[in-house]
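Here is the structure we will look at, set down as structure tokens.
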Amino acid sequence: QNITNNAQFNEDINSFKREIKRFERGIEILDDPELEAIKKAFISMNQAFENPHYDGWRLFQIVFIVSMIADIVYNDNKDYLSSEPYNYNDYNIAETIFFPTGGGKTEAFLGTTALSMFYDRYIGKNYGVNTIIKYPLRLLSVQQLERTLEVIERANEVLLKTEEIKN
């Protein structure tokens with residue numbers, strides 16, 4: 001029994017350390033002058049979420065978003081992220097957000113989506129698929145679609161005010 005518990009404990013500790021590393025890597029990438037587009041996209045994403053109905057990120061939301069940054073920029077920077085200092089190799093990992101109803105999961109993944117959309121625009125991508133969202137429950141999907149469209153609308157307003165990525 002104790003061996004199993006100790007093994008599980010050690011596995012959980014290692015998992016936690018990996019999560020910390022993913023978050024630290026995201027912060028490092030935001031500060032990296034070679035990857036300036038993601039920093040600009042991060043600022044734009046935050047501007048898109050500035051509104052009277054949203055009073056700021058919850059801790060798990062911003063940690064999730066920052067932890068996804070290496071995944072967002074990887075395809076356009078494979079050689080750079082695969083070398084020092086990043087040694088990025090998490091491209092076969094899928095993330096799942098588990099939090100109670102009303103906990104802010106939607107904003108966490110919409111923030112990540114907005115970040116990714118802005119990043120695409122900053123690197124010159126003007127068309128194509130960025131994100132596919134599928135909701136399993138009909139009633140929930142209508143509510144989530146409204147929230148998604150609100151974020152996209154606010155992101156578009158930020159986009160229109162940003163000279164650097166205007167079309």
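Not measured: the values here are computed from a predicted model. Side chains included, hydrogens not; waters and symmetry mates left out as well; all remaining heavy atoms used.
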On a heavy-atom basis, which atom in [X] and which in [Y] lie closest, and how many Å separate them?
{"X": "Thr162", "Y": "Val158", "value": "OG1-O, 2.7 Å"}
{"X": "Phe118", "Y": "Leu159", "value": "CE2-N, 4.2 Å"}
{"X": "Ala114", "Y": "Phe49", "value": "CB-CE1, 4.2 Å"}
{"X": "Ala37", "Y": "Ile123", "value": "CB-CG2, 3.8 Å"}

Classify the side-chain pair [X]/[Y] by whether it contains a donor and acceptor separated by less than 3.5 Å.
{"X": "Glu50", "Y": "Asn46", "value": "no"}
{"X": "Arg58", "Y": "Gln61", "value": "no"}
{"X": "Ser67", "Y": "Glu19", "value": "no"}

Next on the checklist: Test side-chain contact (heavy atoms from CB on, under 4.5 Å) on Asp32 and Glu28; report intermediate values, then the result.
Outcome noted: CA-CA 6 Å; Asp32 191 326; Glu28 291 168 1; over 6 Å; no
[atom1]-[atom2] distance between [X] and [Y], expressed to the nearest 0.5 angstrom:
{"X": "Ile29", "Y": "Ile69", "atom1": "CD1", "atom2": "CD1", "answer": "7.0 Å"}
{"X": "Lys40", "Y": "Ser44", "atom1": "NZ", "atom2": "OG", "answer": "9.5 Å"}
{"X": "Glu107", "Y": "Trp57", "atom1": "CD", "atom2": "CH2", "answer": "7.5 Å"}
{"X": "Asn130", "Y": "Thr113", "atom1": "CG", "atom2": "OG1", "answer": "7.0 Å"}
{"X": "Thr131", "Y": "Ile133", "atom1": "OG1", "atom2": "CD1", "answer": "6.0 Å"}
{"X": "Phe64", "Y": "Thr112", "atom1": "CZ", "atom2": "OG1", "answer": "4.5 Å"}

Item to check | Residue from Ile20, Asp12, Ile13 passing side-chain contact (heavy atoms from CB on, under 4.5 Å) with Phe16 | outcome: Ile20
Would you say [X] and [Y] are hydrophobically clustered, going by side-chain heavy atoms of ILVMFWY under 4.5 Å?
{"X": "Ile43", "Y": "Ile65", "result": "no"}
{"X": "Tyr122", "Y": "Tyr74", "result": "yes"}
{"X": "Phe42", "Y": "Ile27", "result": "yes"}

Next on the checklist: Using salt bridge (charged side-chain N to carboxylate O under 4.0 Å, His left out), reason through Arg22 and Asp71 one step at a time and then give a plain yes or no.
Outcome noted: CA-CA 10 Å; Arg22 286 175 62 81; Asp71 301 312; 2.6 Å; yes
Checklist entry - Within the side chain of Asn10, is there an N or O that forms a donor-acceptor pair under 3.5 Å with the backbone of Asn6? => result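 Yes.
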Next on the checklist: Taking Ile152's backbone N and O only, do any of them form a donor-acceptor pair with Asn156's side chain (distance below 3.5 Å, no angle check)?
Outcome noted: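 Pair absent, no side-chain N/O of Asn156 close to backbone of Ile152.
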Checklist entry - So Met117 and Arg121, side-chain contact (heavy atoms from CB on, under 4.5 Å) or not? Walk me through it. => result CA-CA 6 Å; Met117 290 188 298; Arg121 294 305 294 266; 5.9 Å; no
Next on the checklist: With side chain to side chain donor-acceptor pair (under 3.5 Å) as the test, pick out the partner of Arg147 among Glu150, Gln144, Gln143.
Outcome noted: Gln144
Checklist entry - Does the side-chain contact (heavy atoms from CB on, under 4.5 Å) test come out yes or no for Arg154 and Asn51, once each step is laid out? => result CA-CA 9 Å; Arg154 288 193 309 269; Asn51 70 76; 3.2 Å; yes
Next on the checklist: Using side-chain contact (heavy atoms from CB on, under 4.5 Å), reason through Leu35 and Leu30 one step at a time and then give a plain yes or no.
Outcome noted: CA-CA 7 Å; Leu35 300 168; Leu30 283 173; over 6 Å; no
